[in-house]
Amino acid sequence: IKYNLEDRTLEIIDNGIGIDKDVFENYVISIGKSYYKSKYFQRDHTEFKPVSNFGIGIISCFMISDSIEIESKKDNKSAIHYILNVKEKYIEQKPTDKNRIGTSIKLKLHDDYVEKLKIKPLEQIIEENMAYQPIPITLKVNDQQDILLNKTKIELPENYELSQTSEFIEFDDNDDELEGYIVLSRGYGEQQLFGNTKIAQQYFVITGNGTNINLSPSWLRQSKFNINIPDKYKIQLKASRTKIELEDANLLKVKDFVLSKIIKKFKELLKVHGINAFFQYADDGRGRQVKYTEKEYNFLINLPLFQVIDVKNTTNVINVLQISFKDLMHQIKVNQKIAVIRNQYLQQNYLQNVFQFLMQEQYSYIILDRIGDIHYFYQLIQPFTKINSIMISEGIEGFAFTSLTLDEPKNISHSLYTRKYSWTDVTENIEQNYFLLIGNNNYNGGGIISFNKTHRLGKLLERYKKKIYV
């Protein structure tokens with residue numbers, strides 16, 4: 001690649017298969033026709049896997065240049081030399097003595113594009129738009145020394161080992177279908193050190209502004225990718241190269257490879273750090289639709305996410321069990337009731353009254369309402385729930401909770417779930433004299449504040465005979 005600022009020319013020279021007169025006339029200057037999809041190319045070059053798909057590459061040259069000069073030699077064919085004058089809209093044929101197979105394309109750049117190259121150098125543009133260079137690129141800018149771009153693989157970020165809050169998952173060249181790495185981050189701070197997500201296909205980046213390529217499981221809080229998708233899993237892109245069909249078969253395969261790698265890493269972390277390893281990197285699940293794949297679902301229902309208390313078997317000492325959704329469902333029977341309550345109601349000043357009330361109302365289990373896991377519980381329990389309502393105790397100050405009654409038992413299966421997010425519709429279940437305040441503040445860890453008319457806020461509202469829903 002040669003760039004000359006003084007005469008505003010950008011030249012790309014390769015030693016590829018070359019272009020002859022027929023290809024030039026029938027494909028290069030025919031917008032929307034790709035030579036690589038022609039029967040002639042597929043007959044003569046069965047092993048070659050082109051990056052080009054749409055036959056519109058020449059349009060990108062029109063957008064940044066006033067003229068396009070093409071000089072090329074194809075094996076056993078006469079060399080060609082043409083200049084496409086963009087403004088005047090004519091093609092000029094020139095003599096040539098080119099005898100080496102390959103192609104040279106020289107662009108006379110627009111002034112505005114020259115200005116852009118002053119802001120961002122060509123070397124940076126190439127690095128940002130390629131995973132690496134399987135074929136080395138020599139870059140010559142003005143009279144400066146040649147720059148050789150010849151990275152042979154995706155490399156981990158510098159000083160990644162010093163990271164305190166991120167985990168790196170590297171794809172193995174021998175065992176994995178993809179190449180590159182994934183970054184899992186606990187928060188926003190360190191994440192900025194590792195650049196933007198960069199997904200490439202056949203070494204060229206396909207992520208950018210407006211991309212709809214998302215490889216991350218919905219339950220991950222922060223993740224970044226730097227990967228290359230090989231030809232055998234080539235995703236069918238739209239002409240923008242950043243738009244795809246979401247149900248593309250190869251995209252689903254790529255997502256499955258990524259998911260398998262992430263789950264494998266989490267299982268390693270869980271062995272060392274316990275369930276906290278999941279909560280450090282996982283989203284809290286608020287507002288998520290149930291859209292897990294079967295592999296994700298089986299992983300999540302076997303994680304000991306939930307803190308459970310067996311009400312009937314609790315005497316003087318509270319025994320809090322950390323169990324999985326799958327194990328919980330094996331214990332609970334049809335028509336048994338579950339109370340989802342906050343930790344503060346297990347403090348000494350509440351404890352006795354709360355347990356007495358729950359036993360009188362024949363509740364079998366307590367699920368502790370914790371911001372990190374409760375939304376997973378509500379989503380997972382939805383297909384097994386007959387009644388989901390807000391319950392309020394008259395006698396215990398402020399005590400309000402979510403009550404669930406289980407339906408007929410079903411086999412735990414991913415197929416039971418719809419895309420509807422499960423949450424109580426409080427407007428249908430709240431009584432006239434009770435009040436509910438729902439706060440949702442992501443930055444301050446908000447949740448649900450519930451109170452009844454014996455609470456001081458309830459008394460205040462009762463005094464003024466107001467019914468307020470916020």
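What you see is a predicted model, and the numbers here were worked out from it, not measured in a lab.
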Could you grab the distance from atom CD1 of Ile206 to atom CG of Asn228, nearest 0.5 Å is fine?
9.0 Å
Enclosure of Asp112 CG (heavy-atom neighbours >12, cutoff 6.0 Å):
yes
Let's go through Asp283 and Leu220 carefully: what are the C-alpha distance in whole Å and the side-chain angles of both, what is the deciding distance for side chain to side chain contact (heavy atoms under 4.5 Å, CB included) to 0.1 Å, and is it a yes or a no?
CA-CA 5 Å; Asp283 195 292; Leu220 270 184; over 6 Å; no
Do Leu149 and Ile1 have side chains that get closer than 4.5 Å, going by heavy atoms?
no
Rounded at 0.5 Å granularity, tell me how far NZ in Lys261 sits from OH in Tyr181.
15.0 Å
What heavy-atom pair brings Val183 and Phe168 nearest, and what distance separates the two atoms?
CG2-CE2, 3.5 Å
Sub-4.5 Å side-chain heavy-atom contact between Ile80 and Lys74:
no
Any donor-acceptor pair under 3.5 Å linking the side chain of Thr385 with the backbone of Asn388?
no
Show the nearest heavy-atom pair for residues Ala200 and Tyr203, with the distance to one decimal.
CB-C, 3.9 Å
Just say parallel, tilted or perpendicular for the rings of Phe384 and Phe325, cut-offs at 30° and 60°.
tilted
Give a yes or no answer on whether the side chain of Thr197 reaches the backbone of Phe225 with a donor-acceptor pair at less than 3.5 Å.
yes
Excluding sequence neighbours, so at least two apart, what forms ring pair (Phe, Tyr, Trp, His ring centres under 6.0 Å) with Tyr113?
none
Within the 4.5 Å heavy-atom criterion, are Leu122 and Ile147 side-chain neighbours or not?
no
Below 4.5 Å, heavy atoms only, C-beta onward: do Glu123 and Val141 meet side chain to side chain?
no
Do Leu109 and Leu117 have side-chain heavy atoms sitting under 4.5 Å apart?
yes
With respect to Ser104, which candidate in Glu11, Lys73, Glu71 satisfies the side chain to side chain donor-acceptor pair (under 3.5 Å) definition?
Glu11
Test your reading of the model: is there a side-chain donor-acceptor pair from Asp369 to the backbone of Val340, 3.5 Å cut-off?
no
Is there side-chain contact between Ile229 and Lys234, with at least one heavy-atom pair below 4.5 Å?
no
Scanning both residues in full, the closest heavy-atom pair of Ile154 with Gly180 reads CD1-CA, 3.8 Å
Residues Thr402, Tyr378; criterion side chain to side chain contact (heavy atoms under 4.5 Å, CB included); working and verdict
CA-CA 10 Å; Thr402 300; Tyr378 281 124; 3.1 Å; yes
Given 3.5 Å as the limit, does a donor-acceptor pair link the side chain of Ser72 with the main chain of Gly102, or not?
yes
Tyr281 backbone acceptor or donor facing Arg186 side chain under 3.5 Å
no
Thr207 side chain to Ile199 main-chain N or O, any donor-acceptor pair under 3.5 Å?
yes
Test Met329 against Leu406 for side chain to side chain contact (heavy atoms under 4.5 Å, CB included), laying out the working first.
CA-CA 10 Å; Met329 293 308 295; Leu406 293 200; 4.2 Å; yes
Report, as yes or no, whether the 6.0 Å neighbourhood of atom NZ on Lys108 holds more than 12 heavy atoms from other residues, nucleotides or ligands.
yes
To the nearest 0.5 Å, tell me how far Tyr82 OH sits from Ile68 CD1.
15.0 Å
Whether Tyr233 and Phe257 hold their rings parallel, tilted or perpendicular, with breakpoints at 30° and 60°
perpendicular
Under-4.0 Å salt bridge between Lys232 and Glu177:
yes
Have Asp7 and Thr9 got a donor and an acceptor in their side chains that come within less than 3.5 Å?
yes
Supply the atom-to-atom distance Ile213 CD1 to Gln201 CD, rounded to the nearest 0.5 angstrom.
8.0 Å
Is there a side-chain contact between Leu416 and Gln382 in this structure, where contact means two heavy atoms from C-beta onward sitting under 4.5 Å apart?
no
I need the minimum non-hydrogen distance between Thr293 and His414, along with the two atoms involved.
C-NE2, 3.6 Å
Tell me, yes or no, whether the heavy-atom count around Lys94 atom NZ, taken from other residues, nucleotides or ligands under 6.0 Å, exceeds 12.
no
Does Glu296 reach the main-chain N or O of Pro217 with its side chain, forming a donor-acceptor pair under 3.5 Å?
no
Between Ile374 and Leu368, does a side chain to side chain contact (heavy atoms under 4.5 Å, CB included) hold up when you go through it step by step?
CA-CA 8 Å; Ile374 194 60; Leu368 294 190; over 6 Å; no
N/O donor-acceptor pairs under 3.5 Å from side chains in residues 83-93, not counting sequence neighbours:
residue: Asn85; atom: ND2; partner: Tyr90; partner atom: OH; Å: 3.3

Nearest 0.5 Å, what's the CD1-NZ distance between Ile412 and Lys326?
7.0 Å
Applying salt bridge (charged side-chain N to carboxylate O under 4.0 Å, His left out) to Glu167 and not counting sequence neighbours gives Lys265
Identify all side-chain donor-acceptor contacts of residues 127-140 below 3.5 Å with residues at least two apart in sequence or on another chain.
residue: Glu128; atom: OE1; partner: Lys120; partner atom: NZ; Å: 3.1
residue: Glu128; atom: OE2; partner: Gln124; partner atom: NE2; Å: 2.9
residue: Asn129; atom: ND2; partner: Ile125; partner atom: O; Å: 2.7
residue: Tyr132; atom: OH; partner: Glu179; partner atom: OE1; Å: 2.9
residue: Tyr132; atom: OH; partner: Glu179; partner atom: OE2; Å: 2.7
residue: Gln133; atom: OE1; partner: Lys151; partner atom: N; Å: 3.1
residue: Lys140; atom: NZ; partner: Gln144; partner atom: O; Å: 2.7

Please tell me whether Ser260 and Lys295 have a donor and an acceptor in their side chains that are separated by less than 3.5 angstrom.
yes
Show me the side-chain donor-acceptor pairs of residues 298-307 shorter than 3.5 Å, one per line, residues at least two apart or across chains.
residue: Asn298; atom: ND2; partner: Glu294; partner atom: O; Å: 3.2
residue: Asn302; atom: ND2; partner: Asn298; partner atom: O; Å: 2.7
residue: Gln307; atom: NE2; partner: Gln322; partner atom: OE1; Å: 3.2

If you count heavy atoms of other groups shown closer than 6.0 angstrom to NZ of Lys98, is the number above 12?
yes
Return yes if some donor-acceptor pair links the side-chain N/O of Asp75 with the main-chain N/O of Ile101 below 3.5 Å, else return no.
no
How many angstroms lie between atom CD1 of Ile169 and atom CG of Leu184, to the nearest 0.5 angstrom?
4.0 Å
Within the structure provided, determine whether Lys198 and Lys224 are in side-chain contact (heavy-atom separation under 4.5 Å).
no
Measure from the side-chain N and O atoms of Arg100 to the backbone N and O of Asn15, and report whether any donor-acceptor pair falls under 3.5 Å.
no
Non-neighbouring partners of Phe266 that pass ring pair (Phe, Tyr, Trp, His ring centres under 6.0 Å), sequence neighbours left out:
Trp219, Phe278
Donor-acceptor pair, distance only, cut-off 3.5 Å: does the side chain of Arg221 make one with the backbone of Phe279?
yes
